[in-house]
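Comments concern the structure below.
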Amino acid sequence: MKTSWRSASLVASAAAVLALTTACGQDSPPAASQNVGATAAPGDYGSIGTGNGVGGTAGGQQASPSPSSPSNPAGKLSVATAEEVGKVVTDSLGLTLYRFDQDSEQPPKSNCDGDCAKTWPPVPADDAEAGESIDKSLLGSVTRADGTKQLTVGGWPAYRYAKDVNAGDVKGQGVGGKWYALAPDGKKAQGGGAAGGEEAGAQPGLSTRNDPKLGEIVVDKNGMTVYRFKKDEAWPKPVSNCTGECLEKWPLVEPVDYADTKGIQEKGYMIFDRTDGKGKQQTINCSPIYTFAGDKAPGDTNGQGVGGTWYAVRPDGKLVGASEK
């Protein structure tokens, strides 16, 4: 059931915030000139590890072949009960299958390619069959950009997680606030997990929380910390300089109706069209905002200070613990 703050439509909100776009050029001097098409250098967006941007290896890199390899067929699917996650779909090896919030089910479409698909190998549709407790009618396939067929469950493209190496592992649950184990009906697994399953959607699309170290910071609908990139531009108009592999580690925050926010400054709250074909992105005070793939659960702030360029965001859009220069 939708909460009261979800009452306004995204279209109406977008129209309203268009009137605020001129605010991007007011009250603050223009940002230093940058190459609009520039991308972040490898050292600027960090590795997906833990501990405020230090340690860890980039997602998808493994020293040896994983059981999650896309070359492994799904085989007979079954249902297992994972602690704190609930009933999940598993393949013939007992490995948990996942879904990605940035995919779509109607029509089915996968938006995980390149390095993303190394960390989250697509499950081949060939040879997949319904086992006990699996509704055969919910199984299907989608053709990926490379022409291969990927398994779908309830319309959602199915993936394994490269860090799941043993039957019963559910290390991918809640990663980045966008990845969840697949329930037998194709929905997100309901039982808690790293980001609380679909119950996390009960809170606003963007809101704030008081972090014991950082103070009041912005979080998304899953409670995941929101960040800004110092190499982006806000004036005279928003420009994101995080593209390609950078976006795998720092997923953009998609448009959020202002009526679906709580405690966020309205001035400069707008969406903009990216120039790399990745669609629209939300801003706060005209600055593009992101989450961090290295944050595994609500409350994590592993992206704070990464590369000296990534910082959590105040409700007024300002950086936490860094100057704007």
Side-chain angles (χ1 to χ4, degrees), residues 40 44-61 82-85 96 98 100-102 115-116 119-120 161-164 169-181 188-189 191-230 242 246-254 256 262-264 282 284 288-315 318-322:
D44 289 329
Y45 50 77
S47 297
I48 303 176
T50 58
N52 290 336
V54 294
T57 57
Q61 295 180 352
E83 185 177 356
E84 298 185 359
V85 177
T96 304
Y98 297 88
F100 183 33
D101 277 359
Q102 290 185 206
D115 287 343
C116 175
T119 303
W120 302 92
Y161 184 42
K163 293 185 179 180
D164 284 353
D169 283 351
V170 284
K171 297 176 182 177
Q173 177 73 354
V175 167
K178 297 179 183 293
W179 291 91
Y180 297 92
K188 301 175 189 177
E198 292 202 332
E199 294 179 359
Q203 67 184 68
L206 288 172
S207 59
T208 66
R209 71 172 178 82
N210 284 312
D211 183 86
K213 294 183 179 180
L214 304 180
E216 189 177 17
I217 59 175
V218 179
V219 297
D220 71 3
K221 64 181 179 181
N222 298 303
M224 306 303 291
T225 303
V226 168
Y227 299 90
R228 276 182 50 196
F229 184 35
K230 287 191 71 173
C242 176
C246 176
L247 281 180
E248 300 294 342
K249 295 177 175 62
W250 301 91
L252 62 88
V253 174
E254 296 180 340
V256 177
K262 189 174 183 180
I264 308 297
Q282 184 63 55
I284 296 178
I289 55 175
Y290 311 78
T291 54
F292 182 43
D295 286 346
K296 306 303 182 184
D300 285 353
T301 55
N302 297 319
Q304 176 68 3
V306 167
T309 54
W310 291 94
Y311 294 92
V313 182
R314 300 281 186 214
K318 294 182 178 180
L319 300 170
V320 176

Side chains of T225 and D300 in contact at under 4.5 Å (non-hydrogen atoms): no

Specify the closest pair of heavy atoms between P204 and K262, including all atoms of both residues, with the distance to one decimal. CG-CB, 3.9 Å

Restricting to non-hydrogen atoms, name the atom on P315 and the atom on E216 that form the minimum distance, rounded to 0.1 Å. CG-CD, 3.6 Å

In this structure, NZ of K221 is separated from OG of S207 (nearest 0.5 Å) by 12.5 Å

How are the rings of Y161 and Y98 set relative to one another: parallel (under 30°), tilted (30 to 60°) or perpendicular (over 60°)? perpendicular

My understanding is that only residues two or more places apart in sequence, or in another chain, count here; which of them pass ring-ring contact (aromatic ring centres under 6.0 Å, His included) with Y311? none

Check the pair N222 / K178 against side-chain contact (heavy atoms from CB on, under 4.5 Å), numbers first and verdict last. CA-CA 8 Å; N222 298 303; K178 297 179 183 293; 5.6 Å; no

Determine the minimum heavy-atom distance between L214 and V320, stating which atoms define it. O-CG1, 3.7 Å

By salt bridge (Lys or Arg N to Asp or Glu O under 4.0 Å) - contacts of D101 (at least two apart): K188

Mind checking whether W120 and V175 have side chains closer than 4.5 Å, heavy atoms only? yes

Under 6.0 Å between ring centres: does that hold for W310 and F229? yes

Minimum heavy-atom distance between V253 and V256, given as atom pair plus value: CG1-CG2, 4.4 Å

Nearest heavy-atom pair of E254 and Q102: which atoms, and what distance? OE2-CG, 4.0 Å

Check the orientation of F292 and W250. Use parallel for under 30°, tilted for 30 to 60°, and perpendicular for over 60°. parallel

Taking the side chain as C-beta and beyond, is there a heavy-atom pair between R314 and I284 under 4.5 Å? no

With a 4.5 Å heavy-atom cut-off, do L319 and V313 have their side chains touching? no

Can you see which heavy atom on I217 is nearest to which on A312, and at what distance? CG2-CB, 4.1 Å

Test item: D211 side-chain N/O and G215 main-chain N/O as donor-acceptor pair under 3.5 Å: no

Heavy-atom check, side chain of V219 versus side chain of P298, under 4.5 Å: no

V218 and I289, any side-chain heavy atoms less than 4.5 Å apart: no

Can you tell me which residue among T301, T309, D295, T291 is in a side-chain hydrogen bond (donor to acceptor under 3.5 Å, both in side chains) with Y227? D295

Partner set under side chain to side chain donor-acceptor pair (under 3.5 Å) for Y290, not counting sequence neighbours: D232, S240

Counting heavy atoms not belonging to K171, are there more than 12 under 6.0 Å from its NZ? yes

What's the spacing between L247 CG and C116 SG if we round to 0.5 Å? 11.5 Å

Given the rule in the side-chain contact (heavy atoms from CB on, under 4.5 Å) test, do Q173 and T96 qualify, once you have shown the distances and angles that lead to the verdict? CA-CA 10 Å; Q173 177 73 354; T96 304; over 6 Å; no

